[in-house]
Protein chains: 2
Amino acid sequence: MPAEPLSRPRIVAAAIDLIEREGADAVSMRRIAADLGVGVMSLYNHVPNKSALLDGVAETVLSQIEFSDDPDADWTDRVRMQALAFRQIAHHYPRCTMVVVSRQLQSTAGLLPVERALATLRSAGFGGHEAVRILRVFIAYIVGSLLREVGVTPTFAPVHRPDIAVENVDPLLFPQVSGLAPMLVDCDHESEFEFGLELLIQAIAVQLKR
Amino acid sequence: MPAEPLSRPRIVAAAIDLIEREGADAVSMRRIAADLGVGVMSLYNHVPNKSALLDGVAETVLSQIEFSDDPDADWTDRVRMQALAFRQIAHHYPRCTMVVVSRQLQSTAGLLPVERALATLRSAGFGGHEAVRILRVFIAYIVGSLLREVGVTPTFAPVHRPDIAVENVDPLLFPQVSGLAPMLVDCDHESEFEFGLELLIQAIAVQLKR
DNA sequence: TTGACGCACGTACACCGTACGTGCGACTCT
DNA sequence: AGAGTCGCACGTACGGTGTACGTGCGTCAA
């Protein structure tokens with residue numbers, strides 16, 4: 001009998017831990033149970049099924065986003081901060097990110113960032129319709145960026161795979177790709193992300209002027 | 001004995017068909033073999049494993065993107081056309097889209113769009129480094145948008161019943177979300193996509209002026 | 001004391017990917 | 001024509017998966 005009783009948070013935590021250690025493919029109910037030193041079916045007393053467990057993983061990760069919103073700051077700074085905070089899940093939970101992104105959840109955990117973002121945009125002067133549209137653009141950009149960041153590290157990770165592929169590209173068929181190969185291969189995710197983020201912020205700032 | 005012999009393209013086509021009919025979760029080697037009226041292991045004479053099969057699915061779908069590039073057109077129009085062409089995979093193969101974006105492949109199938117895009121950006125006057133960065137931003141945005149359209153992104157994607165979730169939101173805790181609920185629930189993907197696309201194009205046009 | 005209930009657990013089933021061996025038809029070489 | 005090789009469809013089998021179901025033990029309520 002374990003001193004700490006089984007519980008949904010404990011199971012979710014074990015799942016997150018397992019995903020970060022060995023990748024999302026390694027997740028199985030048997031494996032999680034083994035990590036907890038517990039029978040497989042005991043998990044089902046606290047979690048209805050594996051899908052719900054992964055929802056719990058996404059929810060938990062999302063809820064740990066830390067927004068340090070400063071209502072007095074310029075709205076561009078607030079948007080920037082919120083976007084960067086969202087992206088930080090890729091640093092804290094790199095391998096869980098794929099799970100979060102590829103899973104639709106209807107809990108309120110994912111709603112808090114949405115609420116904050118909409119409030120920021122509306123306080124900046126955007127109308128409701130515009131705020132929603134702009135939020136969608138930002139989310140699309142952030143999610144797409146995260147996907148690239150975790151995509152470089154598939155699950156277990158020889159990162160130097162693409163170099164080989166780029167080396168083998170025919171310079172006659174793909175002059176741009178082969179010419180720009182060094183820039184395509186190495187990618188500072190942080191600065192790349194911020195580049196696009198600034199592009200978007202600047203664009204909606206222009207939009208706001210009208 | 002089938003009149004048409006088994007082959008990799010036929011297997012990939014069956015996989016695409018199955019994914020579109022019943023979703024990516026329904027894909028199994030046994031199921032595909034059954035659809036082809038063939039033994040399970042016969043597939044392995046043409047495809048090394050399931051992962052490679054899914055790579056083939058992504059590759060095939062990607063290769064069917066139709067670019068009608070007009071070198072005489074304004075670069076903004078060319079960028080727009082390429083982005084919209086890319087997005088059309090979400091219309092032709094809605095359920096395969098998730099497979100495509102969640103799988104990074106190093107074949108040359110995915111390289112052709114990259115080559116064209118880089119050529120367009122450089123002809124517009126961007127340097128190599130800038131072109132790569134801008135392309136990354138566009139890809140992130142497109143992929144993120146496709147994920148929402150397919151209906152797997154943490155925000156509202158009205159695939160089935162998100163209305164219920166939005167109805168149950170506490171207006172006091174989430175005033176923006178509940179106030180803007182109608183706009184969050186219904187989403188014209190086409191116009192939403194183009195909104196963000198124009199935002200980005202405009203932003204990089206400004207960037208180009210310097 | 002007795003009953004109910006929560007919860008850990010073992011067993012069992014259907015399904016999965018795929019390693020391996022087998023057999024059959026077609027083709028090549030002598 | 002005979003012999004050898006090879007491509008390819010196929011069956012069997014193994015270790016893995018999610019989870020439905022039944023069982024037994026602990027604690028708490030009446």
Side-chain angles (χ1 to χ4, degrees), chain A residues 1-60 95-96 98-99 102-105 154-156, chain B residues 1-60 95-96 98-99 102-105 152:
Chain A
M1 159 181 326
E4 215 167 347
L6 211 50
S7 70
R8 186 187 145 103
R10 242 164 65 81
I11 295 174
V12 169
I16 292 176
D17 215 53
L18 177 57
I19 292 174
E20 288 304 325
R21 281 202 326 272
E22 308 193 17
D25 291 343
V27 174
S28 80
M29 301 303 269
R30 284 169 168 81
R31 186 64 205 284
I32 292 171
D35 285 6
L36 287 168
V38 128
V40 190
M41 293 315 291
S42 308
L43 302 178
Y44 286 88
N45 289 321
H46 306 270
V47 163
N49 51 49
K50 184 185 180 181
S51 175
L53 202 173
L54 292 179
D55 282 344
V57 168
E59 187 179 327
T60 301
R95 319 186 71 165
C96 286
M98 191 61 180
V99 175
S102 66
R103 181 159 290 271
Q104 177 176 20
L105 42 99
T155 342
F156 33 99
Chain B
M1 115 177 25
E4 215 167 345
L6 211 50
S7 68
R8 186 188 145 103
R10 240 164 68 79
I11 295 173
V12 169
I16 292 177
D17 215 53
L18 177 58
I19 292 174
E20 287 306 325
R21 280 202 326 274
E22 307 192 18
D25 291 344
V27 174
S28 80
M29 300 303 269
R30 284 171 166 83
R31 186 64 205 283
I32 292 172
D35 284 5
L36 286 168
V38 127
V40 192
M41 293 316 291
S42 308
L43 303 177
Y44 285 90
N45 290 320
H46 306 270
V47 164
N49 51 50
K50 185 184 180 181
S51 174
L53 201 174
L54 292 180
D55 282 344
V57 168
E59 188 178 327
T60 301
R95 322 191 62 168
C96 285
M98 188 60 189
V99 176
S102 67
R103 177 164 292 271
Q104 74 285 1
L105 44 101
V152 227

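In the text below, chain A, chain B and the rest are named by the order of the sequence lines, each starting its count at 1.
- Closest heavy-atom contact between M29(B) and L43(B): O-CD1, 3.3 Å.
- Rounded to an integer number of Å, the gap from CE of M29(B) to P of dT17(D) is 19 Å.
- From L54(B), atom CG reaches atom CD1 of I16(B) across 10.5 Å, with rounding to the nearest 0.5 Å.
- Close to dG7(D), at under 4.0 Å from its OP1 or OP2, lies no side-chain N or O of H46(B).
- For M41(A), counting side-chain heavy atoms from C-beta on, the closest listed nucleotide (dT11(C), dG17(C), dA8(C)) is dT11(C).
- A donor-acceptor contact under 3.5 Å is not formed by the side chain of R30(A) with the base of dG16(D).
- In this structure, the nucleotide among dG18(D), dA8(C), dG17(C) sitting nearest to the side chain of K50(B) is dG17(C).
- Counting to the nearest Å, the P atom of dC8(D) and the CD1 atom of I11(B) are 11 Å from each other.
- Between the CD1 atom of I32(A) and the P atom of dA8(C) there is a distance of 15 Å, given to the nearest Å.
- Counting to the nearest Å, the C1' atom of dG24(D) and the CG atom of N45(A) are 13 Å from each other.
- The nearest whole Å value for the distance from the CG atom in L43(B) to the C1' atom in dG11(D) is 14 Å.
- The interatomic distance linking L53(A) (CG) with dG18(D) (P) rounds to 10 Å, in whole Å.
- Judged purely by atom type and a 3.5 angstrom limit, R103(A) uses its side chain to pair as donor or acceptor with the backbone of S51(A).
- The CG-C1' distance, from D25(B) to dT17(D), rounds to 14 Å in whole Å.
- When atom types are taken as modelled, the side chain of R30(B) and the backbone of V40(B) share no donor-acceptor pair closer than 3.5 angstrom.
- To the nearest angstrom, P of dC16(C) lies 11 Å from OH of Y44(B).
- For S42(B) and dC8(D), the shortest distance from a side-chain N or O to OP1 or OP2 is not below 4.0 Å.
- Of the listed nucleotides (dA9(D), dC7(C), dG18(D)), dG18(D) has the atom at the smallest distance from the side chain of S28(A).
- Summarising the geometry, atom CD belonging to E22(A) is positioned 4.0 Å from atom CZ belonging to R31(A); distances are rounded to the nearest 0.5 Å.
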